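Not measured: the values here are computed from a predicted model.
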Amino acid sequence: MGDIVKRDKMEIFYNLMEQWFTIREQGKTIPQILEKRNIHTIAIYGIGKIGKHVINEIKGSTISIAYGIEKLRTGYCDGLVVKNVEEDLPEVDAIIVTAIYNFDEIEDILTRKVNCPIISLEEIIYEG
């Protein structure tokens, strides 16, 4: 069973990255998509490999990343404050969830803590 779940997860991430490359080749970026939604200040849930790519794409744009969020850790990552999901989470325009495979579970947790849109990275990329 574990191998099937792992393959499904990898396929989801592969498709996400394929779509991300496609929109980039069309000249679209995550900051542009967020700006169209009138989102200017965000938090990022999931500061793993994909989260770091999102941070790098947003750096130098008009979008401000207020902090990162992780389930089990706090501290700093690439100069970004990382908060535990149990901490108080300052107000932002939206929280972008890079852990797309667990989005529903994460969304349930975050909707009890914040009053902003919680958006899957997958939604943003496929909107592009």
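- Of all heavy-atom pairs spanning Pro90 and Lys83, the tightest one is CD-CE, 3.7 Å.
- With rounding to the nearest 0.5 Å, the separation of CD in Glu123 from CZ in Arg37 is 4.5 Å.
- For Asp78 (side chain) and Leu80 (main-chain N/O), no donor-acceptor pair under 3.5 Å exists by modelled atom type.
- Of the candidates Ile42, Ile44, Ile69, Ile95 forms a side chain to side chain contact (heavy atoms under 4.5 Å, CB included) with just one, namely Ile69.
- Lys71 NZ: 12 or fewer foreign heavy atoms inside a 6.0 Å radius.
- What you find for Leu89 and Leu110 is that their closest heavy atoms are CD1-CD2, 3.9 Å.
- Linking ILVMFWY residues whenever their side-chain heavy atoms come closer than 4.5 Å, directly or via other members, places Ile50 and Ile55 in the same cluster.
- Among Thr41, Ile124, Thr62, the single residue meeting the side chain to side chain contact (heavy atoms under 4.5 Å, CB included) criterion with Leu34 is Ile124.
- At a threshold of 4.5 Å between non-hydrogen side-chain atoms, the residues Glu91 and Cys116 do not count as touching.
- When every heavy atom of Ile47 is checked against every heavy atom of Cys77, the shortest pair comes out as CG2-SG, 3.4 Å.
- The CD atom of Glu86 sits 12.5 Å away from the OG1 atom of Thr74 when rounded to the nearest 0.5 Å.
- A side-chain donor-acceptor contact under 3.5 Å links Thr98 to the backbone of Gly46.
- The line from NZ of Lys59 to OG of Ser64 is 13.0 Å long, rounded to the nearest 0.5 Å.
- Between Lys36 atom NZ and Gln32 atom CD the span is 7.5 Å, to the nearest 0.5 Å.
- In this structure the side chain of Val114 reaches within 4.5 angstrom of the side chain of Ile118, judged on heavy atoms.
- Placement of Ile58 and Phe21 in two distinct hydrophobic clusters is found when ILVMFWY residues are connected by side-chain heavy-atom separations under 4.5 Å, directly or transitively.
- Taking CD1 of Ile100 as the start and CD1 of Ile125 as the end, the distance is 9.0 Å to the nearest 0.5 Å.
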Verdict with supporting geometry, Glu70 and Asn84, side-chain contact (heavy atoms from CB on, under 4.5 Å) = CA-CA 5 Å; Glu70 282 286 333; Asn84 182 292; over 6 Å; no
For side-chain contact (heavy atoms from CB on, under 4.5 Å), just list the numbers for Glu107 and Val97, CA-CA rounded to whole Å, side-chain angles, deciding distance to a tenth of an Å, and then say yes or no.
-> CA-CA 8 Å; Glu107 182 182 38; Val97 178; over 6 Å; no
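- Heavy atoms from other residues, nucleotides or ligands lying under 6.0 Å from CG of Asp88 number 12 at most.
- The hydrophobic clustering, which links ILVMFWY residues whose side-chain heavy atoms are closer than 4.5 Å, places Met17 and Ile33 together.
- Under a 3.5 Å cut-off, the side chain of Glu105 and the backbone N or O of Asn102 do not form any donor-acceptor pair.
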Step by step, work out the side-chain contact (heavy atoms from CB on, under 4.5 Å) result for Leu72 and Val85.
-> CA-CA 8 Å; Leu72 300 174; Val85 71; over 6 Å; no
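- The environment of NZ in Lys113 is crowded: more than 12 heavy-atom neighbours from other residues, nucleotides or ligands sit within 6.0 Å.
- Contact detail for Asp93 and Pro117: the closest heavy-atom pair is O-CD, 3.1 Å.
- Here the closest non-hydrogen pair linking Val82 and Arg73 is CG1-O, 3.9 Å.
- Considering only heavy atoms from C-beta on, Tyr67 comes within 4.5 Å of Val92 through its side chain.
- A distance of 5.0 Å separates CG in Leu121 from CD1 in Ile30, rounded to the nearest 0.5 Å.
- Contact check for Ile96 versus Tyr45: no side-chain heavy atoms found under the 4.5 Å cut-off.
- Residue-environment remark: OH (Tyr126) exceeds the threshold of 12 foreign heavy atoms within 6.0 Å.
- Taking every heavy atom of both residues into account, Glu122 and Leu16 meet most closely at CA-CD1, 3.7 Å.
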